[in-house]
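Below is one structure, written out as structure tokens, with a few remarks after it.
Just the heavy atoms: all of them, side chains too, but no hydrogens, waters or symmetry mates, feed the values below. Since this is a predicted model, take the numbers as computed values, not measurements. Letters A, B, ... mirror the listed sequences (proteins, then strands); counts begin at 1.
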Amino acid sequence: MMEVGLNHFLVVSTLLFSMGIYAIVTRKNAIMVLMGVELILNSANINFIAFSQFGNRGIDGNLFGLHGHLIALFVIVLAAAEAAIALAIVLNIYKTLSTVNIDEIDNLKD
Amino acid sequence: MNVYDIVFYLFAALTVISAFFVVTNRNIVYSAFFLLFTFFGVAGIYVLLGADFVAIVQLIVYVGGILILLLFGVMLTNKITNVEIKTGTINIYPAVIGVGLLTGSLLAALINTSWRSVPASAPQATTAALGTILLQEYALVFELLGIILLIALIGAASIARREA
Amino acid sequence: MNKLIVPNLLNSLNSVLPEIALSLTLVAIVVFDLIFNKNKIILPYISIAGLVITFILLVSQFGISTTAFSVSETLSFLSLDGFSLFFKVLILITTTFIVLFSISSSEVHSCSDRHGEYYALIFGMVIGMFFMVSANDLILIYLSLELLSLSSYVLAGFVKTSIRNSEAQLKYLIYGSASSGIMLFGMSVLYGITGSTNLSEINTLINSPDGNQLTFLISIIMIFAGIGFKISIVPFHFWTPDVYEGAPISITAFLSVASKAAGFAVLIRFLKVTFATSINGSGYWQLIQFIDWQTLLILFSIITMTYGNFAALWQDNIKRMLAYSSIAHAGYLMLGVAVLSNQGILAVLVYFFIYMFMNLGAFYVVMLIANKINSEEIDDYKGIGYSLPLLGTALGIFLVSLTGLPPTAGFIGKLYLFIALVDANMITVAIIALLNTVVSLYYYIRVLRAMFLVKTDIKTELKLSVLNYVVLFLLIAPVLILGVYFGPLVNFAKASVQILGF
Amino acid sequence: MTESVLINISLAILFLPLFGFVVTLLLGKKVKSIYLFEVFILTIVLISAIVLAFGKLSYFIDHKIVSEIEWFRLTDTIVIKLGFLIDNLTVLMLFVVALISALVHYFSVAYMKGDERYNRYFAYLGIFTFSMNGIVLTNNILMMYIFWELVGLSSYLLIGFWFEKKSAADAGKKAFLVNRIGDLGMFAGILILFLTYNTFSFDTIFQSISAGKIPFNSEFWLTLTGILLFMGAVGKSAQFPLHVWLPDAMEGPTPVSALIHAATMVAAGVYLTVRIFGLLTADAMMFIAVIGMLSAFIPATIALTQNDIKKVLAYSTVSQLGYMVMALGVGAYKFAFFHLVTHAFFKACLFLGSGSVIHAMHHEQDIRNMGGLRKKLPLTYATFLLSSLAISGIPLTSGFLSKDGILASAFAFGSLTGYWIFAVVGFLVALLTAFYMFRLIIITFHGEPRDHHKYDHAHESPFVMAMPLVVLAGLSIFIWYTPNPISADQGWFLTKWIETPELHAPNSTRFDFMQSEVVAETQQVAEHNSSHGEITYSEKYTEAMHSAHYPAMFLSLFVAIAGILTAFVFYQWKKVNVEKLTASIKPLYNFSLNKWYIDEFYHKTFVAGLLGLSKIIYWFDATIVDGIVNGSATVTRAISTFTGAFDKYVVDGLVNFMAYLSGFIGLIFRRIQTGKVQTYIVLVIFSIIILFFFF
């Protein structure tokens, strides 16, 4: 096995991303779909931090610096905000329709 | 293979395998718990990447906040007395094909890219440095995040509160 | 470098005065909501006051072309240029109308105790859009887009007891978070390729990524997916008809104009600032030759307008029909972008300004009628032209304008678009767009026929308030006047095509 | 009298009707008698138009008055302007529009009395007049297009005025949609012009063409541009194959038919072609001539069998418009416009006359229920007869002069180029016209009353309705146009008021006889073009016209009288049993009259039609000795049936098919919108993947 480098981290993040998408499109339960969204955000975060750690801009030899870390922080905060609103919405749906199965919620269509 | 590599594979396996269970397990409560392990794994990867502060935030916010929220959601939308906290799936075949193709092309592209990478530097404490750029370069983004949180608060409250 | 930052921050605060005013209004709304617990009639007026103050602050920025929140001499988070100013003005006008709409919306009134949240969230959207149109950094774009999205998720389902609202809200949420997740992933890849999130810096850092073409393409398409979601171009549009139909009408109108405008602003700035290498004498942009940009954009726009127009043919619900029509209009606008020249951007700006009035007008009339007859089905519009002649005529004018027939303003918008296309020798595309216009005639005429050519015995009586008359007038007048006298608008747009940096 | 006075008067003529429209519409519900205001406005417009015509023709007869203001700047070099062009053509046309519009207003005061939307009707008339004046006055093609669309819109409102009747609503829609097809072509033509010349102004475009600048540097494109612009005229002037809307448009109130379907709106197409005459190439003119010929012939054959008084007039209108268009195609510019003017008056008179009849018969339109009305409506009869003589081309009428000119030109064209077909069809149509007009008159006014109840209640119309009839009939007499009753060539109308325009299309693209040759060749032609130094119509054409004049005149006189006599033989003296004749071709006859049967015949239309046609031709041969009269009537009747069916099922069918096709595509799209949000996301993912591989 080769030494762990940038690509290894990218593989992990890609797998997380794919599984997030998979959860979003296949799981009926709305909360499961939200979990899928969290997975995608995590995978992007891994990317940001990995690039930050391994990256090199090439021109003047500057490292990427800590920007990636900071972006990851922002995304985490945003994820929290989004989760709060999403959960509220799901609870509201449960209250009005007595179900959180997304596939049953299809009254609006052509 | 040094210790760093072993630890990486451990965390990577933890992350990916538990994520796999998250998306495939039929029981939502189990899924939620597997999500906990995924978050732990990701936090571990952050540490490996020298992002100590982010790893801590990941644990506090994700594990301590978001996951709890999700669990609340699970419990509030399913009757506790109902043993069958299970959910079905739809779109399996198109999803498998689509996600498979997507993963394939992503991996092929990302691995074959010539990143401008250098060997990872030795980890340093990042907290102080992060604080500096957060409040200097990224001051505007920081303020914007404040507004986002305020809006999230108002929005969530607006949806959740009882109608008068 | 650190020395430079702190005074810089203080100076930059002057540049974001309009945004500060908006934020303060938001806070004021929340506070007044608490003070005037019972009688919330004051809130819309506070909102309008806030908007007017913002507008004044914005006007004082006319002609300014500068950057704010710079991190070095060349890099900054915000670009304050004519382009962003144009869109900010457009967003402010739209918001003012939406607040006026909300005053007479029966849907909003059914939740009278949550008015505070309603207006606060509208301001959340506005702040998000303001940052979007001038953002010069991927992460700022992402966050402001999320601010816009989060507020609009809540507003799309504002009437909690309405099943339709709740469904629209959930769909919007799921579709939106998936799209923004995909976009974030794309941004992370772009960050990996270039090493920066600043658009201008990316521009200087991209150089011959020979082996990376595929990766580059992936990141661009993923980012497009996120922006495409906001401006609802096919194939990222699927949420549009469902959410537009389900959401309260005032919010649908807002989404179809302002949020789309912000999305287009981001798209144009992203394209130009990030990828343009030079601009030739006649205003055509030279983009970095990784992908065939023009083909990609033309493909998007033709699919979008054709899909929107044909799908609209079969709609029975007028909101849904307008949703598809707004998809088709996004296609026309996209054509202006696809020209990849200043002339094309000019066409987009002119078109958008006109689109604002006619689309808002159509939704306003639909809302007033829905307030009364509680239906949005086209079949229920039978004979409206006789029982409610003013509203019928107004809707007729707006629909004719949406079709793009002279002497309404819609014709001028299309005219500029076609001129830009023909200038760029894109004759075939222009012809396809022209044929699309003919298709669109069918479904707009359908509404007119139901209103004017079918006579029913049902007598609908509707008392319009003074405010309704004023708002209707303010919407009809520009549609008619801009149809013949549009010099000032074009001059304004012309002054606004300058985008800082590339 | 200065130029600025004239310009101000034209401004007033343009905007007063708009003002009338706004006032009448706004106050329509509150003030019952507001229509009088609109009538008053139109009177003012009429007076202004007369003053304008007088001023222009007496003080500035050789002057073109142009007035422009800048509208907006597209770029620094491309400036779009609004402007007026006042030449003799403009003032004459304005006079025609204003006069007929005013007369129709007066007529409507009595005719529409008691309608629940009385005031709104007058408002619509106002906006129509405004739009029409706009078309006439403008100096650039963009403004013309804008007013063109406005005319389309207002005619839509007027045709569908009685929208409670489904047929009226449908007719309005049909007129609008069919017109759009033509307008699309016109718009494309305008785009090509703008692309090439960066301007919309007629004058500038013509100058550039003269200077040798043509679209895409290809003569083909110049031809195409001409044809595309002419497409607009095909729609508005109801030329084949877009003429289908005009007969249906008869669902509108009859005065409206007189105004827009006889005199003004349909003439707009001819007016447009007149305006762009300078840029037409020989190929384009040939195209126009063929379209005009078909439009003259086909509707004339259809008019033979119609029993609705207005339908006959409608088809006759299409046929006469075809004449004008054909005249333009063969280069008879002056006569085309001359016929436009004379036709406007006598056809408006015919329509208003039919309105008077319909009014008297309590909205009965079927001529089979009329008869003998001559005694009850003497004035209507007299004016109707005079106009019919005019349209048939009997000497001493204006129609004789203009029609004769067109036929002579077609004749001359034949002798110069060898395309005799236009002359032949021209004379044939003249024969048919005389026949069906007198068939109409005889059945309506002569003989015994067939519906005694309605006949007894019939009465002559009141003054406001009679006066317009008299005025218009008076204008059908030759004296207004020329002192010489058999030739208009020396009259003031053709020598002083209108002159053949300069041609601008490159010499190589013109007909041989139309090429520019430097210096005057005949005294008379040179005089008019002295300012230009070169003439556009060579001696050959003038000479050919001269030598064609007398043969054409006698021949046309002969066919007109033959047609009238045939009608008398058939319907007045009943020498030929019409019943029997129709019985012998009963299936075909019913075919045209009863539209219901044809669903069953649908796929057999062509087969049956062709078989029937061959049989009839055989029969024609066999009975040629017995009498040419019977035979030709039968043939034309059969053809009329055939063309009617073609109209109904092929042209309409094509339109319906397109609508169906687009609907079908829409149906496929709606399958995608399942309502399940996760399916949408799957689709997004696939789209993203496709985009990856596509680029």
Of all heavy-atom pairs between [X] and [Y], which one has the smallest distance, and what is that distance?
| X | Y | value |
| --- | --- | --- |
| D:Ile681 | C:Ala178 | CD1-CB, 4.0 Å |
| D:Leu691 | C:Leu217 | O-CD2, 4.4 Å |
| D:Tyr145 | C:Phe411 | CE2-CE1, 4.3 Å |

Contacting region of [X] [heavy-atom separation from chain C under 4.5 Å]:
| X | result |
| --- | --- |
| D:Leu184 | side chain |
| D:Ile690 | neither |
| D:Phe147 | neither |

A side-chain contact here means heavy atoms from C-beta on lying under 4.5 Å apart; do [X] and [Y] qualify?
| X | Y | answer |
| --- | --- | --- |
| C:Ile427 | D:Leu195 | yes |
| D:Ile688 | C:Ile182 | yes |
| D:Phe187 | C:Leu434 | yes |
| C:Phe238 | D:Thr679 | no |

Which answer fits [X], side chain, backbone, both or neither, if we ask what part of it has an atom under 4.5 Å from a heavy atom of chain D?
| X | result |
| --- | --- |
| C:Ile431 | neither |
| C:Ile291 | side chain |
| C:Phe224 | neither |
| C:Val438 | side chain |
| C:Leu448 | neither |
| C:Thr295 | both |
| C:Ile221 | side chain |

- Message: Using the rule given for side chain to side chain contact (heavy atoms under 4.5 Å, CB included), can you reason through C:Asp242 versus D:Tyr680, listing the C-alpha separation, both sets of side-chain angles and the distance that settles it, and then say yes or no?
- Response: CA-CA 11 Å; C:Asp242 292 3; D:Tyr680 300 163; 2.5 Å; yes
- Message: For D:Val677 and C:Trp239: C-alpha separation, side-chain torsions, deciding distance, then whether side chain to side chain contact (heavy atoms under 4.5 Å, CB included) applies.
- Response: CA-CA 7 Å; D:Val677 64; C:Trp239 62 279; over 6 Å; no
